[in-house]
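Atoms considered below: every heavy atom in the structure, side chains included; atoms not considered: hydrogens, waters and symmetry mates. Just so you know, residue 1 is the first one in the sequence shown, and it goes up from there. The shown structure was predicted, so the numbers you read here are calculated from the model rather than taken from an experiment.
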Amino acid sequence: MDETYIKVSGQWKYLYRAVDRDGDTVDFLLTAKRDLAAARRFLERAINLHDVPEKITIDKSGVNTAAIESVKADACVDILMRQNKYLNNIVAQDHRAIKRITRPMLGFKSFRSARIIIAAIETMHMIRKGQMDCPAGSPASAANQFYSLAA
């Protein structure tokens, strides 16, 4: 679990992302603030979409630490939290795909458009990584998978 910065309307906004040990995207969330409420909202959403993880690796962010401790206390679950900026390399490297596409855009005009475009970029990135299930189990190209989402 990690966050990165995206420029929206001339201000920095925060893109929270979670990646599993295989490099597959678990979840992402664009927020206006980097605080306990945003980190907790992201973590709860990721847990609701998937199961409770055994361990979470984060950098030295105090906000993420507080969010994990808060979720652990409220849900009475045991999640091992590892804080090491070098163990968090998988998700930090995965940010590059998003940054590579958004950097030439020079930021977004509105928060709404940023949220929509980042969701599309993340979806395409997940298709490229082979995370999306093909209809009827047959292998399909990335373009065909994208077109099936649009239809």
Side-chain angles (χ1 to χ4, degrees), residues 1-9 11-102 108 110-137 140 142 144-151:
M1 179 175 154
D2 195 19
E3 70 277 336
T4 188
Y5 302 91
I6 302 289
K7 194 171 264 195
V8 178
S9 300
Q11 298 178 340
W12 292 108
K13 304 300 178 188
Y14 306 95
L15 178 63
Y16 283 90
R17 301 184 70 245
V19 175
D20 67 4
R21 74 180 78 157
D22 298 324
D24 293 339
T25 303
V26 174
D27 198 14
F28 56 92
L29 177 69
L30 183 67
T31 64
K33 296 182 179 179
R34 182 182 176 201
D35 58 0
L36 177 61
R40 184 179 166 100
R41 185 171 62 244
F42 170 70
L43 187 58
E44 287 175 345
R45 183 175 133 170
I47 288 173
N48 286 340
L49 289 174
H50 302 278
D51 290 332
V52 176
E54 296 175 10
K55 51 185 143 178
I56 298 176
T57 304
I58 60 172
D59 53 9
K60 297 287 184 172
S61 170
V63 172
N64 291 341
T65 304
I68 293 169
E69 292 297 333
S70 167
V71 168
K72 281 172 50 174
D74 289 350
C76 297
V77 293
D78 188 32
I79 300 172
L80 176 66
M81 182 175 49
R82 301 185 307 174
Q83 283 187 293
N84 188 328
K85 71 178 188 176
Y86 300 112
L87 291 176
N88 206 19
N89 198 28
I90 293 173
V91 70
Q93 293 302 316
D94 203 50
H95 287 324
R96 277 199 282 171
I98 305 302
K99 293 288 194 172
R100 185 185 68 230
I101 295 169
T102 59
F108 296 95
S110 72
F111 192 81
R112 180 180 177 275
S113 66
R115 193 177 71 232
I116 292 167
I117 291 172
I118 288 173
I121 292 169
E122 288 280 2
T123 302
M124 211 45 224
H125 190 55
M126 289 169 69
I127 289 172
R128 216 174 290 126
K129 290 193 289 186
Q131 283 185 251
M132 304 296 275
D133 293 331
C134 300
N144 288 339
Q145 286 182 0
F146 186 76
Y147 293 140
S148 71
L149 290 173

* Less than 4.5 Å apart, any side-chain heavy atom of M1 and any of V91? -> no

Item checked: side chain to side chain donor-acceptor pair (under 3.5 Å) assessment of Q83 paired with N64 -> CA-CA 10 Å; Q83 283 187 293; N64 291 341; over 6 Å; no

Distance col, row L15:CG vs I6:CD1, nearest 0.5 angstrom, shows 5.5 Å

*asked:* I want to check something: taking the side chain as every heavy atom from C-beta on, are R17 and I98 in contact at a cut-off of under 4.5 Å?
replied: yes

One should read off an interatomic distance between I101 CD1 and R96 CZ, to the nearest 0.5 angstrom, of 13.0 Å

For V63 and A39, the nearest pair of non-hydrogen atoms, with its separation, is CG1-CB, 3.6 Å

Are the side chains of V19 and Q93 in contact, using a 4.5 Å heavy-atom criterion?
no

Query raised in the report: So, the side chain of S9 versus the backbone of Q11: is there a donor-acceptor pair under 3.5 Å, distance only?
Result: no

In this structure, CG of L30 is separated from CZ of R115 (nearest 0.5 Å) by 8.0 Å

Problem - Side-chain heavy-atom pair R41, R45 within 4.5 angstrom cut-off - result: no

Rounding to 0.5 Å, atoms CG (D59) and CZ (R82) come to a distance of 13.0 Å

Checklist entry - Around atom NZ of K33, are there more than 12 heavy atoms of other residues, nucleotides or ligands at under 6.0 Å? => result no

Correct closest heavy-atom pair for S113 and F108 would be OG-CB, 4.3 Å

For residues 22-43, the ring-ring contact (aromatic ring centres under 6.0 Å, His included) pairs (sequence neighbours left out) are Y16-F42

Subject >> Main-chain N/O of D22 paired with D20 side-chain donor or acceptor, under 3.5 Å >> reply: yes

Here the gap from I68 atom CD1 to I58 atom CD1, rounded to the nearest 0.5 Å, amounts to 4.0 Å

Interatomic distance, CD@E3 vs CG@L29, rounded to 0.5 Å, equals 11.5 Å

Worksheet item: Is atom CG of D51 surrounded by more than 12 heavy atoms (other residues, nucleotides or ligands) closer than 6.0 Å?
Response: no

Of all heavy-atom pairs linking V8 and A114, the shortest is CG2-CB, 3.8 Å

Practice item. Output yes when a side-chain donor or acceptor of K72 lies under 3.5 Å from a complementary backbone atom of L80, and no otherwise. Key: no

If only atom types and distance count, is the side chain of T123 paired as donor or acceptor with the main-chain N or O of A119 below 3.5 Å?
yes

- May I ask you to test the I56-L43 pair for a side-chain heavy-atom distance under 4.5 Å? yes

On a heavy-atom basis, the closest approach of A67 and L36 is N-CD1, 3.4 Å

ring-ring contact (aromatic ring centres under 6.0 Å, His included) filter on F111, not counting sequence neighbours, yields none

Taking every heavy atom of V26 against every heavy atom of A46, the minimum-distance pair comes out as CG1-CB, 4.4 Å

Worksheet item: When you measure from the side chain of K129 to the backbone N and O of G23, does any donor-acceptor pair fall under 3.5 Å?
Response: yes

